[in-house]
Protein chains: 2
Amino acid sequence: MVETKPGTNLLFLRDEDLRQGIELLFFAYRDFTAEGDTILAKQKFGRAHHRVIYFVGQYPGMSVSNLLGILSITKQSLSRVLRQLVDEGYIDQQPGTTDRRQRLLTLTAKGKELEQLLTSEQRARIAAAYKNAGADAVEGFRKVMLGIMEDSARRRFNEDKT
Amino acid sequence: MVETKPGTNLLFLRDEDLRQGIELLFFAYRDFTAEGDTILAKQKFGRAHHRVIYFVGQYPGMSVSNLLGILSITKQSLSRVLRQLVDEGYIDQQPGTTDRRQRLLTLTAKGKELEQLLTSEQRARIAAAYKNAGADAVEGFRKVMLGIMEDSARRRFNEDKT
DNA sequence: AATATATGTCAATATTGCTGACGTATATTC
DNA sequence: GAATATACGTCAGCAATATTGACATATATT
């Protein structure tokens, strides 16, 4: 059991607040992904492609199994999407140096271009929301979001503090 | 352009922070929906059913077009899911009193039971995260989430302040 | 009476996920 | 060196969810 700040009466834990929390997540995520989906549709790709492009872009040289863990999908599901992206020249695969069974993934120039196109709108949306809310609110947002996700995912954010 | 708090240096708007924001949304939403999906799978229903059950539960007597707007899907997509839920006795449809073209939706007892089962885990997850983060953080979380969503969705939350 | 709106439905298609089974290349272990 | 494990890929089949387009019915509105 975690202690709350002194003077806090936990009024924010009413059933109504929890319901609101559920809806905040639903609507924010819905609107956050909507525009990207529209762009993707024009490229004949879907949201799954977006996610792959995004994570390979952020973590160049990541292994397939690593990516599978992040996406929480099966390798068969990833395979189809990855195959398309490799075949169409968005992603490069290279054998790992220490373990040559691995296929390390990186974005090609074409892939980077698409990644930029896709995330620019999302970055702008986040930036606007952050700016509007202010630094303290952003810190609160982070805390709550970290609390919502699983421990395993939370670790990622504690590690890469710059 | 919105003014930020005085003394704020906008360091939280670095590219790295925006990237982190994208990931926070991705992982929090992924984990937030994961367990519900597992329960649903056992009931032969999917996430779409969950969303319908949830919103009809929260806003009893809501019209089909209203629900369509919230879910941002086509009526054909909703139709299949809704048909199943009505046929299997989770949802009741009644003609609107003022406009009899409408089919107003409400949960049956069976529907309410499923709704409870489905959202209880999500409520618990939100509650734990809120408690851990504290009241101030929750307020920041709300601000940022509202900023991320579209104006149209934001209105919903400004209206029903209790 | 003409038109618009709320809802439902049929058909065809795409994306994304799943399970199960099997194959290849490379590492690790006995 | 042989057996086993791991990383990855792929084929086949299935299910859920979403789409567009077309058309129908009942009721409201003009």
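Labels below follow one simple rule: chain letters A, B, ... track the order of the sequence lines, proteins then strands, and each chain is numbered from 1.
Within the nucleic acid shown, A:H50 has no heavy atom closer than 4.0 Å to any nucleic acid atom. Within the nucleic acid shown, A:T74 comes within 4.0 Å of at least one base atom, counting heavy atoms only. Among the atoms of the strands shown, only primed sugar atoms or phosphate atoms (P, OP1, OP2) are found under 4.0 Å from some heavy atom of A:R83. When heavy atoms are screened at a 4.0 angstrom cut-off, A:Q93 is found touching the sugar-phosphate backbone but no base atom. If you check every strand for non-hydrogen atoms under 4.0 Å, B:S79 touches a base.
Rounded to whole Å, atom P of C:dG8 lies 8 Å from atom CG of B:L105. A:Q84 has its CD atom 14 Å from the P atom of D:dG9, to the nearest Å. Taking atom CZ on A:R47 and atom P on C:dA14, their separation rounds to 20 Å, with Å as the unit. For the pair A:L71 CG and C:dC18 P, the interatomic distance rounds to 10 Å; values are reported in whole Å. Rounded to whole Å, atom C1' of C:dT5 lies 15 Å from atom CG of B:N66. Atoms CD1 (A:I73) and P (D:dC8) sit 14 Å apart, rounded to a whole Å. The separation between B:L82 atom CG and D:dT17 atom P is 13 Å, rounded to whole Å. As a whole-Å value, the separation of A:D37 CG from C:dT15 P is 13 Å.
Side-chain N/O atoms of A:S77 include none lying less than 4.0 angstrom from OP1 or OP2 on C:dT16. Phosphate contact (OP1/OP2 of C:dT16, side-chain N/O of A:H49, threshold under 4.0 Å): present. Dashed line: the shortest gap from a side-chain N or O of A:S65 to OP1 or OP2 of D:dT6 is not under 4.0 Å.
Put simply, the residue from A:Q20, A:R19, A:R14 that forms a side chain to side chain donor-acceptor pair (under 3.5 Å) with A:E16 is A:R19. Residue B:F26 is tested with A:F32, A:Y29, A:F55 for a ring pair (Phe, Tyr, Trp, His ring centres under 6.0 Å); the sole match is A:F55.
For the pair A:R154 (side chain) and A:L146 (backbone), a donor-acceptor distance under 3.5 Å is present. Proximity of a side-chain donor or acceptor of B:T108 to a complementary backbone N or O of B:G111 within less than 3.5 Å is detected. Although no hydrogens or angles enter the test, the distance criterion places a donor-acceptor pair under 3.5 Å between the side chain of A:R30 and the main chain of B:I70.
Residues B:L78 and B:L104 do not share a hydrophobic cluster, defined by chaining ILVMFWY side chains whose heavy atoms lie under 4.5 Å apart.
Sorted by first and then second residue, the ring pair (Phe, Tyr, Trp, His ring centres under 6.0 Å) pairs involving residues 77-128 of chain B (not counting sequence neighbours) are B:F45-B:Y90.
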Indicate for each nucleotide in nucleotides 21-30 of chain D, in 5' to 3' sequence, whether protein heavy atoms under 4.0 Å reach the base (B), only the sugar-phosphate (S), or nothing (-). BB---BBS--
